[in-house]
Amino acid sequence: MRNTASIARWLVRLCGIALIILGILFWAGRALSLVPLHMLLGLVLVLALWVLAGIGGRAGVPAGRV
């Protein structure tokens, strides 16, 4: 589980940074052709967060924090 959590945390970090950068580029009117990539990275981010929540729930973390 430790490796899975570590991978999921790195995915959240990398996807989050990439999504912020892409969002700024979209806001500036550039890179509009990369919208599908932005959507895919958003999906990966959400799935990684779900994995982390599942691992936390299984490890006994209180439901409010999960």
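Predicted, not measured: the structure shown is a model, and the values here were computed from it. Heads up: numbering here begins at 1 and tracks the sequence.
The line from CG of Leu22 to CD1 of Ile17 is 12.0 Å long, rounded to the nearest 0.5 Å. The CG atom of Leu34 sits 10.0 Å away from the CG atom of Leu41 when rounded to the nearest 0.5 Å.
Counting only residues at least two apart or on different chains, the ring-ring contact (aromatic ring centres under 6.0 Å, His included) pairs with a member in residues 3-35 are Phe26-His38.
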Checklist entry - Can you list the steps and then say if Leu45 with Leu11 is a side chain to side chain contact (heavy atoms under 4.5 Å, CB included)? => result CA-CA 7 Å; Leu45 178 78; Leu11 278 174; over 6 Å; no

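Hydrophobic cluster membership of Ile20, counting Ile, Leu, Val, Met, Phe, Trp and Tyr whose side-chain heavy atoms lie under 4.5 Å apart directly or via other members: Ile24. Under the 4.5 angstrom side-chain criterion for Ile, Leu, Val, Met, Phe, Trp and Tyr, the cluster partners of Val46 are Leu43, Leu47, Trp50.
Annotation for Arg13: atom CZ counts as buried by contact number, over 12 foreign heavy atoms lying within 6.0 Å.
At a threshold of 4.5 Å between non-hydrogen side-chain atoms, the residues Leu52 and Val12 count as touching.
With sequence neighbours excluded, the residues that form a side chain to side chain contact (heavy atoms under 4.5 Å, CB included) with Ile55 are Met1, Thr4, Ala5, Val51.
The two residues Leu32 and Val35 have their closest heavy-atom pair at O-CG2, 3.2 Å. The two residues Val44 and Cys15 come nearest to each other via the heavy atoms CG1-SG, 3.6 Å.
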